[in-house]
Each structure stands twice: as structure tokens, then as C-alpha cells.
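In what follows, a structure is listed as C-alpha cells, so that the remarks can point back to it.
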Amino acid sequence: MNFEEFAKRLRASRSIVFFTGAGISTESGVPDFRSPGGVWTKYQPVLFQDFLASESARVQHWRLKKATYELFKTVKPNLAHHAICDFESRGQLLGLITQNIDGLHKLAGTSAEKLVELHGTDRLVTCLNCGKEYQPAEVYEDLPEDFTAPTCDECGGLLKSANVSFGQSMPIAAMQRAQSWSEQAEIFVVVGSSLQVQPAASFPVIAKRAGALLAIINRDPTPLDDIADFVHHGAIGNCFQELQPLISKRIDSGQSPAS
Ligand SMILES: [Zn+2]
């Protein structure tokens with residue numbers, strides 16, 4: 001299906017699910033952490049088992065997260081984050097599933113009940129023992145050069161950034177919500193995900209099998225391009241910019257003609 005046809009279908013739907021990955025945030029200046037020069041080449045991510053077992057692994061976790069915290073202070077949602085938010089304002093958004101832990105969808109204004117953060121978020125720190133939540137600033141701003149891993153002021157348990165680490169199980173409620181949205185979607189739009197890892201790659205397949213129109217907007221080809229109804233390779237912001245006037249026609253055509 002061509003661009004105009006896709007825009008027409010989007011305009012008419014009230015049951016759209018977006019699924020976003022790192023590519024949507026690179027245009028906000030969040031580097032892909034795996035890329036050369038990314039944070040992960042400087043600080044290795046820590047396996048969850050190691051985090052639980054070893055103080056030096058925990059310190060390594062906090063060094064990585066402190067660097068990420070400093071970076072996240074400077075980044076802002078971009079046109080694509082805001083465009084997805086507009087679908088919610090128009091009553092067209094069934095749900096937004098993201099693999100990103102940068103919190104930019106929330107900052108753009110997407111509401112909590114429409115958002116599943118599959119891999120958690122770095123915009124929160126939690127106690128692994130009692131679940132108490134801390135704002136990142138409370139933890140990172142006071143972290144000295146030489147530190148021991150921070151613990152909970154309530155129960156003494158280990159604190160950890162609220163992202164899902166390697167080796168840590170995926171949050172069940174989030175997975176169920178994402179699954180259910182995928183089954184119900186009329187249109188399922190992948191934005192900025194290379195769809196290389198499970199379970200991420202399973203959701204578009206679930207949606208497609210359940211009869212959804214599947215669209216993939218990504219810089220590079222993905223393994224699911226062959227089963228998609230609409231594919232756009234290239235800059236994500238540009239694609240949303242071109243979509244915007246076509247989508248907002250819906251509002252114009254809904255108004256009664258001026259007499
Ligand atoms: Zn606690």
C-alpha cells in the first residue's frame with residue numbers, strides 16, 4: 001500500500017497501536033547504546049544475577065546509570081513522540097508499546113494508561129526489596145566519586161534503576177497488556193525498531209495474525225518487512241512530518257462547511 005493509502009487508513013482508525021524502539025529516540029539525540037561510542041562501549045551492562053551477587057557489579061551498574069542520567073537530563077521528545085501523543089488526543093490510540101527506557105513518551109505527554117514500557121524505565125529508581133520508588137535526582141545528584149551501591153532508606157534493600165536488566169524477567173502485567181493490545185489493534189505501527197530481539201518482534205506478528213494492518217517505519221529494513229502492508233525506510237521524523245497534514249484532514253472534514 002502506498003503512503004496516501006496508509007495515511008487514509010490511519011486517519012479513519014480509532015484503534016491504533018504504536019510499537020517503538022531505539023530509532024525513534026536517536027532523532028532526539030539518545031545514542032543507540034550498542035553503537036560505537038555509546039555508553040555500553042564504556043560501561044558494560046550488568047547481568048541481573050551479577051547485580052544481586054556482587055558489590056562491584058552493582059557499582060558498575062550505577063556508573064552506567066549515572067552516565068545515562070546525565071545524558072537524559074539533556075534530551076527532549078521529538079516530532080514523532082509528539083505525533084503519537086496527538087493520536088491519543090484525537091481518541092485514536094489503543095496503546096503505545098515501547099522498548100525504550102528513556103521516558104520520552106511520558107515526557108511528550110502520553111498517558112500512563114496508554115503506555116507500556118516493556119523494558120522498564122531509567123526515569124525511576126526502585127527498591128528491589130520493598131518496591132519504594134525514588135526520583136533519579138534523589139539518588140544520582142548525591143552520588144560521590146567513590147561510592148557504595150545505594151540502599152533503601154526504608155528497609156535497607158538494594159536500589160536499582162527501574163529498567164529491566166539482562167537476565168531480569170520481563171514484567172508480567174506489561175507483557176499481558178502489550179499482548180492484548182496487539183490482538184485488538186486495527187492498525188499496528190512499528191516505529192524505529194529493528195525487530196531483531198524477542199519478545200519485541202513477536203507483537204507485530206501477533207497483530208498481523210489477528211487481522212491488523214501492519215506498518216513498519218524504520219531507518220533500515222527489518223525481518224518483518226515482508227509481511228508488512230506498509231513499509232517506510234528513512235528518517236522517522238520526516239515520515240511523521242509528511243503524515244501530519246494528511247492525518248489532520250480528518251479534523252477538517254469533520255467540521256461542517258462554513259455557511
Ligand atoms: Zn526498601
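One-based numbering, in listed order, for ligands and for the atoms of each.
Counting only N and O atoms by type, the side chains of Glu186 and Ser13 include a donor and acceptor under 3.5 Å apart.
Any protein N/O/S atom under 2.8 Å from the Zn ion (ligand 1) was counted, giving 4 altogether.
Phe188 pairs by the ring-ring contact (aromatic ring centres under 6.0 Å, His included) definition with nothing, not counting sequence neighbours. Scanning for salt bridge (charged side-chain N to carboxylate O under 4.0 Å, His left out) contacts around Arg58 gives Glu55, with sequence neighbours left out. Lys73 meets the salt bridge (charged side-chain N to carboxylate O under 4.0 Å, His left out) test with Glu70, Glu141; sequence neighbours excluded.
Geometric assessment of Arg9 against the ring of Phe6 yields a negative cation-pi assignment under the 6.0 Å and 45° thresholds.
Asp229 has a carboxylate O that lies under 4.0 Å from a charged side-chain N of Lys208, or vice versa, which qualifies the two as a salt bridge.
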